[in-house]
Protein chains: 2
Amino acid sequence: MRKVAESTVRRLSLYLRYLEEFALHGTETVSSETLAHLGGTTSAQVRKDLSCFGSFGKRGLGYAVPELAQHLREILGLTRRYRVAMVGAGKIGSALVSYRGFRERGFDIAAIFDSDPDKVGRQWNGLEVRDIADMEVVLGEEAYEMAVIVTPADVAQAVSERLIKLGVKAILNFAPVQLAVPDDVVVKHVNLALELETLSYALANR
Amino acid sequence: MRKVAESTVRRLSLYLRYLEEFALHGTETVSSETLAHLGGTTSAQVRKDLSCFGSFGKRGLGYAVPELAQHLREILGLTRRYRVAMVGAGKIGSALVSYRGFRERGFDIAAIFDSDPDKVGRQWNGLEVRDIADMEVVLGEEAYEMAVIVTPADVAQAVSERLIKLGVKAILNFAPVQLAVPDDVVVKHVNLALELETLSYALANR
DNA sequence: GTTTGTGAAACGATTCACAGCT
DNA sequence: AGCTGTGAATCGTTTCACAAAC
């Protein structure tokens, strides 16, 4: 199975979302063509993506919706819930904490940290913002495999190191720095200004 | 100028960020190797990326920091400011409006719309949330080329159509739907839950 | 007849390696 | 000597096209 492209994984996530939509409406089977159309790709792409992990369809028929959805959940590691630590209680952090999309997909933000005394102690979506100085104490109580870093750029590297020491293996990083992490830790970088810049490029080069 | 890959454009944005950092510290020249190291890529990649748009370096020396930065700003269309309309005054919208990274890069969110009467009329970062029903009136007063859609999925397509009728040519879409738009309109899709899912996949498949 | 699963072909992006300029 | 710019080679992804299954 080894070596699946990131682009494939992203598409699988998308397919899963559409499958859940179909499941909700009671649709029983779906073709690669239908999934492709919804996901903005081609039927061959859908089949290739799936073929990385097995053959889930019936020739002449298509894919059984709930079964394929379940396979995708297993492939994507979404049959369990994840406890997520969030560091940085700024505006973006605030939005993420109450973002239902995370909880719906199995990601529970279960701890929030900030260094600003004005923020520490406040309740956020039923969760107390803790002092970043207490991170080791708070996170030591339960296992956290995932974290979201929403701090200023200059502290993000140090924060990531503390998180990794505490067992975090996956980081979603909103700080505009390239984090240096060990090989067994995976980092996904999100940079919203950069997304607008790709749009600006597209506008300027038509 | 030939077809430039999206990945190239994203890296150029990154290089620009580092160049501005160097400019701030008064560094005068920088090598492809240095930029590569900061951006997590290779020197050959940096040179290839730049070579799509011209030859900006001096052999034996490297690149002049302020000059290359200016070239990149021009390439990326960042020598001007953009008026951005935002539709959807939820939590994510709220975070984006006060996100300094946008303004710093030339993107001014200059209008916010929502359909919720509780939100309409409220001041957000010095900007009044307007009724989405008045979108045509408000946006008709000034030219808007860019928009951010932060609405629920079910209205995003209709909202995009109205925006496009009003002259919007670039959309950053946070709603989890694939928007269908004319060829001359560019859409960038952001899906935060999906980013966590790629992390979950990585954790599950080690 | 329809739709999957998959090698093979086409395409695109990255890396190599070196000639050419400073 | 040092570093860029770039064609050529490599590597990875997408598309094609068709045999096999239903």
Side-chain angles (χ1 to χ4, degrees), chain A residues 1-15 18-19 22 27-72 75 178 198 201-202 205, chain B residues 1-15 18-19 22 27-72 75 178 198 201-202 205:
Chain A
M1 179 206 93
R2 273 293 72 88
K3 200 59 199 137
V4 175
E6 155 124 9
S7 50
T8 294
V9 176
R10 298 180 75 87
R11 283 191 299 266
L12 293 178
S13 271
L14 264 189
Y15 305 154
Y18 294 122
L19 287 167
F22 279 123
T27 310
E28 277 173 22
T29 67
V30 78
S31 68
S32 57
E33 183 55 45
T34 307
L35 280 177
H37 186 252
L38 289 168
T41 179
T42 65
S43 62
Q45 181 77 80
V46 172
R47 297 196 299 276
K48 257 279 148 67
D49 287 341
L50 295 174
S51 78
C52 296
F53 301 95
S55 45
F56 307 117
K58 285 215 175 4
R59 294 173 195 225
L61 256 171
Y63 301 88
V65 169
E67 284 79 357
L68 182 57
Q70 189 55 25
H71 278 302
L72 290 183
I75 290 164
Q178 170 96 0
T198 67
Y201 171 82
N205 298 272
Chain B
M1 191 198 73
R2 60 177 176 282
K3 182 90 175 54
V4 176
E6 155 124 7
S7 50
T8 293
V9 176
R10 298 179 75 87
R11 282 190 299 266
L12 292 179
S13 271
L14 264 190
Y15 304 155
Y18 293 122
L19 286 167
F22 279 122
T27 311
E28 277 174 22
T29 67
V30 78
S31 69
S32 57
E33 182 55 45
T34 307
L35 280 177
H37 187 253
L38 289 167
T41 179
T42 66
S43 61
Q45 181 78 79
V46 173
R47 297 197 299 275
K48 255 278 148 69
D49 288 341
L50 295 173
S51 78
C52 296
F53 300 95
S55 43
F56 307 117
K58 287 213 175 5
R59 293 171 194 225
L61 256 172
Y63 302 88
V65 169
E67 284 78 356
L68 183 56
Q70 189 53 25
H71 278 302
L72 290 184
I75 290 165
Q178 169 95 1
T198 67
Y201 171 82
N205 296 272

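Remember, predicted model here, so these are calculated numbers, not experimental data. Here is how names work: the chains are called A, B, and so on, in the same order as the sequence lines, proteins then strands, and each is numbered from 1.
- Per the geometry, OH belonging to Tyr15(B) stands 12 Å off P belonging to dT4(D), to the nearest Å.
- If you take CD of Glu33(A) and P of dA17(D), they are 16 Å apart, rounded to a whole angstrom.
- Whole-Å rounding puts the His71(A) NE2 to dT4(C) C1' distance at 15 Å.
- If you take CG of Leu12(A) and C1' of dT13(D), they are 14 Å apart, rounded to a whole angstrom.
- Two residues, Leu50(A) and Gly60(B), neighbour DNA chain C, and the one matched to the more 5' nucleotide by heavy-atom proximity is Leu50(A).
- Distances shorter than 4.0 Å separate none of the side-chain N or O atoms of Ser31(B) from OP1 or OP2 on dC3(D).
- The side chain of Ala44(B) approaches dA17(C) more closely than any other nucleotide in the set dG5(C), dA17(C), dT14(C).
- Here dT14(C) presents its C1' atom at 10 Å from CG of Asp49(B), a figure rounded to the nearest Å.
- Using a 4.5 Å heavy-atom cutoff, the side chains of Thr34(A) and Tyr18(A) are not in contact.
- For Gln45(A) and dA17(D), the CD to P distance is 16 Å, given to the nearest whole Å.
- Looking at His37(B), Gln45(B), Arg47(B) one by one, the single match for side chain to side chain donor-acceptor pair (under 3.5 Å) with Ser32(B) turns out to be Arg47(B).
- Contact check for Thr41(B) versus Tyr15(B): side-chain heavy atoms found under the 4.5 Å cut-off.
- Minimum atom distance to the side chain of Arg59(A) is reached by dA19(D), of the listed dG5(D), dT22(C), dA19(D).
- Between Leu12(A) and Tyr201(B) there is no side-chain heavy-atom pair separated by less than 4.5 Å.
- Phosphate proximity of dT4(C) to Ser32(A): present, with a side-chain N or O under 4.0 Å from OP1 or OP2.
- Among Leu35(B), Val46(B), Leu38(B), the one residue that satisfies the side chain to side chain contact (heavy atoms under 4.5 Å, CB included) test with Val30(B) is Leu35(B).
- Remark on DNA chain D: of its neighbouring residues Ser7(A) and Arg47(A), the 5'-side contact belongs to Ser7(A), judged by nearest-heavy-atom nucleotide.
- The phosphate of dT15(C) has OP1 or OP2 within less than 4.0 Å of a side-chain N or O from Thr42(B).
- With hydrogens and angles ignored, a donor-acceptor pair closer than 3.5 Å exists between the side chain of Lys48(B) and the base of dG7(D).
- Where Phe56(B) and Leu61(A) each meet DNA chain D at their nearest nucleotide, the meeting point lying more 5' is that of Phe56(B).
- Regarding contacts with the backbone of dG5(C), a side-chain N or O of Tyr63(A) is found under 4.0 angstrom from either OP1 or OP2.
- In this structure, CG of Leu35(B) is placed 13 Å from P of dC3(D), rounded to the nearest angstrom.
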